[in-house]
Amino acid sequence: MPASGNANCATIQSSKPLALRERYLKIAPLSTESPIVTTVAELSATPIRTQARQQKPTFRIRPTKGWAALNVRELWKYRDLLWILVERDTKLLYKQTALGVAWVVMQPLIAAIIFTVVFGRVARLPSDGAPYLLFVFCGLTVWTYFSQALQHAGNSLVRNAQLVSKVYFPKLLLPLAQTLRGVVDFTVTLIVLLVLMAIYRVPPTFRLAVLPVFLFFMTLTATGVALWFSALSVKYRDCTHALQYFIQVWMYASPVVYPISMIPEQWRPLFALNPAVGFIEGFRWAVLGHSVLNPNLLCITIVMSLVALFSGAFFFRRAERGFADII
């Protein structure tokens with residue numbers, strides 16, 4: 001009896017937890033095969049790290065390597081910024097000035113009067129039959145735009161050092177904005193030239209329609225030379241002073257106060273390697289109607305303009321990678 005009693009007690013004790021187990025099994029037991037645990041395991045095991053590895057940045061900023069090509073597509077994407085820079089520089093130039101736009105007219109006009117007295121009356125330089133004041137003013141109209149665009153664009157990176165070192169954008173927009181801003185001054189000076197043509201009774205002709213072509217190549221040349229000086233001035237700050245001296249020497253090496261007819265004919269192709277020669281003589285041909293500029297000299301001018309632009313652009317792109325560190 002005691003043995004059987006103990007057996008019955010063991011059966012009762014073992015059956016009780018078994019009954020409880022069956023009772024709790026009816027409630028969704030937590031096991032490794034449970035859909036809840038499986039769902040959590042799927043969320044925590046793979047998605048975040050694998051997706052982070054598969055995702056790639058939409059835009060990467062990397063330094064250029066070698067002679068990087070001119071990225072025209074990037075310049076076009078930032079065309080709104082170019083317009084903002086042109087508008088900003090134009091407003092800053094004439095803000096809080098007493099004479100305003102009159103400075104644009106006075107500078108070439110006063111210089112033309114001085115050159116007329118010194119070179120026309122005293123030195124008696126020829127003017128190819130045209131009134132000397134109108135002759136010189138034609139040359140100064142071209143040269144004033146070219147020299148000012150070159151000077152402002154050549155110093156554009158140094159003047160905007162904070163913008164260059166803190167914000168990413170195509171740095172080529174800074175000198176390009178300066179050359180485009182000078183077109184406004186050129187247009188105002190052109191109006192004064194038309195007034196002088198009326199005073200000296202020089203009738204306008206259809207040749208004036210060629211002026212935008214010469215202005216286009218003037219802009220290309222000024223931009224190309226300015227890219228050389230702007231890139232060099234970041235590392236060598238004395239280039240800003242050398243640029244002013246370079247512009248003064250370049251003016252007397254160009255036919256601003258004298259005609260190209262004074263140059264011997266065998267030396268004119270070599271003289272035309274200076275692209276300003278073709279611009280000035282072409283401008284005089286469009287206004288006055290006569291010039292010794294021929295198609296060969298004009299082709300040399302166009303080629304030299306393109307050489308200046310592309311060489312300056314490639315040099316600028318190569319030096320651009322270190323602007324933010326040096327400036």
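Atom set for the values below is all heavy atoms of this structure, side chains included, hydrogens, waters and symmetry mates excluded.
- For F316, the ring-ring contact (aromatic ring centres under 6.0 Å, His included) test picks out F323, with sequence neighbours left out.
- Taking the side chain as every heavy atom from C-beta outward, F214 and V142 never approach each other to under 4.5 Å.
- Within the model, atoms CZ of F135 and CG of L125 stand 8.5 Å from one another, a figure rounded to the nearest 0.5 Å.
- Side-chain contact between W285 and L293: absent, with no pair of heavy atoms (C-beta onward) separated by less than 4.5 Å.
- Of the inter-residue distances, the one linking T90 atom OG1 with Q178 atom CD reads 8.5 Å to the nearest 0.5 angstrom.
- Side-chain heavy atoms closer than 4.5 Å link hydrophobic residues (I, L, V, M, F, W, Y) into clusters, and following such links, even through other members, never connects I84 to L163.
- Judged purely by distance below 3.5 Å, without hydrogens or angles, the side chains of W250 and S147 never pair a donor atom with an acceptor atom.
- Within the 4.5 Å cutoff, the side chain of L211 has heavy atoms near those of the L190 side chain.
- Looking at heavy atoms from C-beta onward, L193 lies in side-chain contact with F137 at the 4.5 angstrom threshold.
- Annotation: side chain of I300 is in contact with side chain of M304 (closest heavy-atom distance under 4.5 Å).
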Between V257 and Y132, is a side-chain contact (heavy atoms from CB on, under 4.5 Å) present by the stated rule, with each step listed? CA-CA 9 Å; V257 297; Y132 194 84; 3.9 Å; yes

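- Rounding to the nearest 0.5 Å gives a distance of 8.0 Å between CG of L174 and CG of L81.
- A continuous path of ILVMFWY side-chain contacts below 4.5 Å connects L208 to L288, so both sit in one hydrophobic cluster.
- Proximity of V277 to I260: side-chain heavy atoms (C-beta onward) are separated by under 4.5 Å at one or more points.
- L150 contributes atom CG, which lies 9.0 Å from atom CG of N155 (distance to the nearest 0.5 angstrom).
- The line from OG1 of T189 to CG of L194 is 11.0 Å long, rounded to the nearest 0.5 Å.
- Hydrophobic clustering keeps V136 apart from V117 (ILVMFWY residues linked when any side-chain heavy atoms are closer than 4.5 Å, directly or through intermediates).
- Here the CG-NZ distance, from L173 to K171, works out to 9.5 Å after rounding to the nearest 0.5 Å.
- Ring geometry for F146 versus F279: interplanar angle of 30 to 60°, hence tilted.
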Go through it in stages, so that I can follow the logic: the residues are F283 and L215, the test is side-chain contact (heavy atoms from CB on, under 4.5 Å), and I'd like the CA-CA distance, side-chain angles, deciding distance and then a yes or no. CA-CA 9 Å; F283 193 86; L215 177 61; over 6 Å; no

One pair to check against side-chain contact (heavy atoms from CB on, under 4.5 Å): F186 and T144. What are the steps and the verdict? CA-CA 8 Å; F186 178 80; T144 301; over 6 Å; no

Residues L176, T179; criterion side-chain contact (heavy atoms from CB on, under 4.5 Å); working and verdict: CA-CA 5 Å; L176 185 60; T179 55; 3.8 Å; yes

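- Under a cutoff of 6.0 Å and an axis angle of 45°, R79 and W76 form a cation-pi pair.
- Looking at Y245, F315, Y236, F246 one by one, the single match for ring pair (Phe, Tyr, Trp, His ring centres under 6.0 Å) with F229 turns out to be F246.
- Salt bridge status for R317 with E320: present, with a side-chain N to carboxylate O gap under 4.0 Å.
- Contact check on R268 versus E265 returns no salt bridge, with no Lys/Arg side-chain nitrogen under 4.0 Å from an Asp/Glu carboxylate oxygen.
- Nearest heavy-atom pair, R284 versus C138, reported as atom, atom and distance to 0.1 Å: CG-CB, 3.8 Å.
- In plain terms, the two heavy atoms of C239 and L232 that are nearest each other are SG-CB, 3.8 Å.
- Checking side-chain atoms of N274 against main-chain N and O of A253 turns up a donor-acceptor pair under 3.5 Å.
- Annotation: side chain of P131 is not in contact with side chain of L133 (no heavy-atom distance under 4.5 Å).
- Here the closest non-hydrogen pair linking F115 and M251 is CZ-CE, 4.2 Å.
- Below 30°, between 30° and 60°, or above 60°: for Y78 and Y168 the angle between ring planes is above 60°, a perpendicular geometry.
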